[in-house]
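Chain naming here is simple, since letters A, B, ... match the order of the sequence lines and numbering starts at 1 in each.
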2 protein chains.
Amino acid sequence: MLNLERLRVLHAVAVHGSVAGAAAALHVTPSGVSQQLAKLERESGHRLLEPHGRTVRLTHAGRTLAGYAARVVAEAAGAESDLADLSAEIIGPLRLGGVGSSLRALLPDVLAELTRAHPRLVPTLVDGEAVGMVPLLARGDLDLLLVESWANRPLALPAGLATRTLAVEDVHLALGEGHPLADRECVDLGDLDGQVWATCPAGTEPYEALVQALRAVGREPEIRYTVTEFATQLALVARDLAVALFPEMGQSPAPPGVRFVPVRPRMRREVLAAWRAPGLAGRRPSPLPAARDGGARRLPRPTASPAVRACVEALSRVEWSSPSAL
Amino acid sequence: MLNLERLRVLHAVAVHGSVAGAAAALHVTPSGVSQQLAKLERESGHRLLEPHGRTVRLTHAGRTLAGYAARVVAEAAGAESDLADLSAEIIGPLRLGGVGSSLRALLPDVLAELTRAHPRLVPTLVDGEAVGMVPLLARGDLDLLLVESWANRPLALPAGLATRTLAVEDVHLALGEGHPLADRECVDLGDLDGQVWATCPAGTEPYEALVQALRAVGREPEIRYTVTEFATQLALVARDLAVALFPEMGQSPAPPGVRFVPVRPRMRREVLAAWRAPGLAGRRPSPLPAARDGGARRLPRPTASPAVRACVEALSRVEWSSPSAL
DNA sequence: CTGTACCCGGTAGCTCCGCTTCACGGTCAC
DNA sequence: GTGACCGTGAAGCGGAGCTACCGGGTACAG
């Protein structure tokens, strides 16, 4: 394995054109540089320098290696620059997770705005189901998670996570235009016996919320279609193959032939942002300071990263509050 | 300045997810890894790890830095890979120089072929005049140089350079179609008194070759137009503003209205590839071995790089020998 | 041609860095 | 509860890397 420090020495020689110049730049003696280069030659198995007058020049192998060295040094300089700005600037990786339809309605605009304002921010995104994503967030594999929580079945989050409500919206019943209930102003859930339902896969929040809402009025939904994509569900509804529950964020774009009707009792869905709250981490608030904070010269405990805070702020600013939710 | 070795430690922790795993991968004890990370935290000024159960996870600063570390390690691995293949494969930078029209006729095809066959070869190209480029080659700022040498004025190259002839071609006189000599089968240089000449800038090979060729028959050319681009010279010739000497490589594409006529005495031009010949370097073949070869454990003296040899071979294969030169 | 200044490479010696060993507190699983 | 595992810290040792110095060689001025 190559010694990375020695690559820095080689790069200095390539830049300054001489051992003496490199030594001056690195604040060491020429002898030290020469020794490092000799070792680099031995461990790389190639001559890197050849005498040229009273100075040296790089061989082909030396130039090849110096090219890598230049990139390594540039990476190191970039890292230092990022570290210097890390406390103040919005920088570095931001690992986002999303669940369900909240992704499409909220994230693209916010990510566009964030990356425009903070070019050194590197967001990544994974979507999935709440049951799988929440543990990822708690374990530290995600920085920020967008989840949905249905009012009749509030999402349970483990301790140590902070949340903010990004949107509250009504849930409507989607019907085909030819459906007998399509012209109602409002539909009672109790009137929905015998309907065929489409919803998201079993285990997801919309599925469980649908089942619980109907059981609350003494009905058991006949769920015949479970598909992840709202667009597919709407296509089924448009052909009168099923009815479905839709939060407002999922209603556009809708294909022709679909009607959305409020339901009674009123159903609401929230979209939440969740992240680890450093202050409350751990099962119990341990009375002793954590081990890594013991030493006097230790650095302070990390707080929520500026990147997470900035993203939550940007998401909050979107104000996707349903007009009918007022 | 960040310690590059410590970045490798951080990367190992990021990959293996624990101090113990990183320690095993690096073949050191967990304590050693922990100490290196603590130093990295101190010198970076940020917490990089935080406790998480009985293991650790990276903070935002840690992930940011680990991203750089991953790239640094990847560069180092790439460098090692290139070094391992350097003796056998065509790899690394190839700094080409070109003089005059030889560039356009020969290089593009050869470079396309070379980079297709050897994707890890990184050619660069600079063009200029022989008077400036030859010292660059001798000094080691170029690996390979394409130069032209006119038979009546052979190019003088310093010792230590090897050459290969890539093409030999006749030089013709370019005339406008309406020129009185345009219908001749052959033009005697001695008949060209009083002509207005276009050629390359003073000091270049074509300029000096023109002057010497005419002086050899007792004439002094009236050079009124000196422009670098052959296309511009041809445009002047096409409008009967001047006559010019053109090697065959410079004759296409020619604008309408230009005739090319052989000259007497016959003029020839060669295109040469020149590179440093390691065996003959230095002014005199020094009787003692060079200083850098002294040590017994020293590596062998570098020979011409495979990249240079491959490029010379590819250039030789082009076989741009003039049909009329046979 | 000669003297001088400079550059590179090698050697001896010293300093400091980094690793290992050992020990301890905390966490998780049985 | 208890044992296994993880991460961290202190002490000590070995080696890596630096400096100081010297010698060989080159470029440049006179």
Rounded to whole angstrom units, what separation is found between the [atom1] atom of [X] and the [atom2] atom of [N]?
| X | N | atom1 | atom2 | result |
| --- | --- | --- | --- | --- |
| B/Arg54 | C/dG26 | CZ | P | 15 Å |
| A/Arg42 | C/dG10 | CZ | C1' | 11 Å |
| B/His52 | D/dG7 | NE2 | P | 12 Å |
| B/Glu41 | D/dG9 | CD | P | 9 Å |
| B/Leu58 | D/dG7 | CG | C1' | 14 Å |
| B/Leu49 | D/dC6 | CG | P | 16 Å |
| A/Glu43 | D/dA16 | CD | P | 11 Å |

Tell me, which pairs form a salt bridge (Lys or Arg N to Asp or Glu O under 4.0 Å) where one or both residues lie in residues 14-39 of chain A, sequence neighbours left out?
-> none
At under 4.0 Å between heavy atoms, what does [X] touch on the DNA or RNA strands: base, sugar-phosphate, or nothing?
| X | answer |
| --- | --- |
| B/Gln35 | base |
| B/Gly32 | base |
| B/Thr29 | base |
| A/Thr55 | sugar-phosphate |

So which nucleotide from D/dT19, D/dG17, C/dC17 ends up closest to the side chain of B/Lys39?
-> C/dC17
Nearest-neighbour nucleotide for the A/Val56 side chain, D/dA10, D/dC18, C/dC8 considered | C/dC8
Looking at B/Gln36, does any N or O in its side chain come under 4.0 Å of the phosphate oxygens OP1/OP2 on C/dC17?
-> no
Below 4.0 angstrom from OP1 or OP2 of D/dG17, is there any side-chain N or O of A/Asn3?
-> yes
Can you find a donor-acceptor pair, distance only, under 3.5 Å between B/Ser31 side chain and D/dG9 base?
-> yes
Residues forming a salt bridge (charged side-chain N to carboxylate O under 4.0 Å, His left out) with B/Asp127, sequence neighbours excluded | none
Do the side chain of A/Ser44 and the main chain of A/Leu40 share a donor and acceptor less than 3.5 angstrom apart?
-> yes
Report yes or no: does A/Arg164 contribute a side-chain atom to a donor-acceptor pair with the main-chain N or O of A/Ala273 at less than 3.5 Å?
-> no
Partner set under side-chain hydrogen bond (donor to acceptor under 3.5 Å, both in side chains) for [X], not counting sequence neighbours:
| X | result |
| --- | --- |
| A/Ser31 | A/Gln35 |
| A/Arg71 | B/Glu75 |
| A/Glu205 | A/Arg153 |

Numerically ordered, the residues 4-22 of chain A set in heavy-atom contact under 4.0 Å with DNA chain C is A/Ser18, A/Val19, A/Ala20
